[in-house]
Amino acid sequence: GKIQFTPERQSIFGTYPITFAHKGNELRPSIFGLLHVLYDLSAMKIEMRRRLLVNFSFFGSMTIAFAFSLWLFFHLVVSKRVNRLIDATVRVTADEKDVRVNLSGNDELKQVADAIDRMISDRERSAEELQKAHDELESRVEKRTAELAGANDALQTEIGERKQAEEELRESEKKHR
């Protein structure tokens with residue numbers, strides 16, 4: 001048989017040779033025929049175009065839904081967590097007290113949040129140690145200032161006594177001369 005498209009490619013045309021039943025004592029059938037089949041493809045083409053459009057629409061919609069789901073996931077899960085990191089760092093640079101990121105999870109953002117929390121704790125501890133050292137130094141300065149003021153008063157008194165002793169000595173020398 002032979003199958004071919006019609007010139008406008010809207011139909012398939014097939015020609016098949018067929019043999020009919022044997023007559024009596026024939027070894028080979030003597031009656032042959034041709035079967036001509038014409039099948040219109042236009043309805044199938046329309047249906048295939050419709051199916052293609054439906055499939056394209058379905059998969060396109062699914063792709064858009066998937067992309068939206070990914071965006072929503074990243075927005076809700078990642079972006080909000082990153083924004084918490086940013087908010088914490090902004091608050092720390094504004095010298096707010098008791099700032100912590102406190103992110104949950106077990107990913108890189110959690111590791112960054114933990115590092116920021118450790119830096120904040122270290123910074124607070126350093127500030128407390130610095131304040132303690134400042135207070136201790138201030139106390140030592142006040143104590144030393146008081147000691148120096150006492151020593152200064154003692155020296156001023158001694159200077160006054162010596163001046164008076166010198167004056168008395170000069171007057172005594174004037175009298176004895």
Side chains of [X] and [Y]: closer than 4.5 Å at any heavy-atom pair?
X    : Y    : result
V82  : L109 : yes
R50  : I46  : no
K163 : I159 : yes
E173 : H176 : no
N106 : Q111 : no
T145 : K143 : no
T15  : Q4   : no
D122 : I120 : no

Give the cluster check for [X] versus [Y]: same hydrophobic cluster or not, with ILVMFWY residues linked at side-chain heavy-atom distances below 4.5 Å.
X    : Y    : answer
M62  : L70  : no
F13  : I3   : no
L155 : L148 : no
W71  : L76  : yes

Non-hydrogen atoms of [X] and [Y] that approach each other most closely:
X    : Y    : value
D95  : R123 : OD1-NH2, 2.6 Å
V101 : D117 : N-OD1, 2.8 Å
L34  : P17  : CD2-CA, 3.8 Å

Tell me whether [X] is salt-bridged to [Y], with the criterion being a basic N under 4.0 Å from an acidic carboxylate O.
X    : Y    : value
E166 : R170 : yes
R118 : D114 : no
K110 : D107 : no

Taking atom [atom1] of [X] as the centre, does the number of heavy atoms from other residues, nucleotides or ligands within less than 6.0 Å exceed 12?
X    : atom1 : answer
Y39  : OH    : no
E108 : CD    : no
H134 : NE2   : no

Can you check whether [Y]'s main-chain N or O pairs, donor with acceptor, with [X]'s side chain at less than 3.5 Å?
X    : Y    : value
T89  : I86  : yes
S172 : E168 : no
S139 : D135 : no

Nearest-0.5 Å distance that lies between atom [atom1] in [X] and atom [atom2] in [Y]:
X   : Y    : atom1 : atom2 : value
N83 : D87  : CG    : CG    : 8.5 Å
R51 : M44  : CZ    : CE    : 9.0 Å
F74 : K80  : CZ    : NZ    : 15.5 Å
F56 : L52  : CZ    : CG    : 8.5 Å
F58 : S61  : CZ    : OG    : 8.0 Å
R84 : I116 : CZ    : CD1   : 11.5 Å

**Message:** Using the side chain to side chain contact (heavy atoms under 4.5 Å, CB included) definition, which of the options I12, L41, L38 pairs with T6?
**Reply:**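 In the set I12, L41, L38, the residue that makes a side chain to side chain contact (heavy atoms under 4.5 Å, CB included) with T6 is L38.
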**Prompt:** side chain to side chain contact (heavy atoms under 4.5 Å, CB included) with K45: which of M48, R49, E47?
**Reply:**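 Among M48, R49, E47, the one that satisfies the side chain to side chain contact (heavy atoms under 4.5 Å, CB included) with K45 is R49.
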**Request:** Verify whether one side chain among S104 and R81 offers a donor that lies under 3.5 Å from an acceptor in the other.
**Result:**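 Side-chain D/A pair, S104 to R81: absent.
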**Request:** Carefully, step by step, assess K132 and E128 under the rule salt bridge (Lys or Arg N to Asp or Glu O under 4.0 Å).
**Result:** CA-CA 6 Å; K132 183 179 175 184; E128 289 170 3; over 6 Å; no
**Prompt:** Can you check salt bridge (Lys or Arg N to Asp or Glu O under 4.0 Å) on E147 and R144, steps first, answer last?
**Reply:** CA-CA 5 Å; E147 289 173 0; R144 186 68 179 138; 3.1 Å; yes
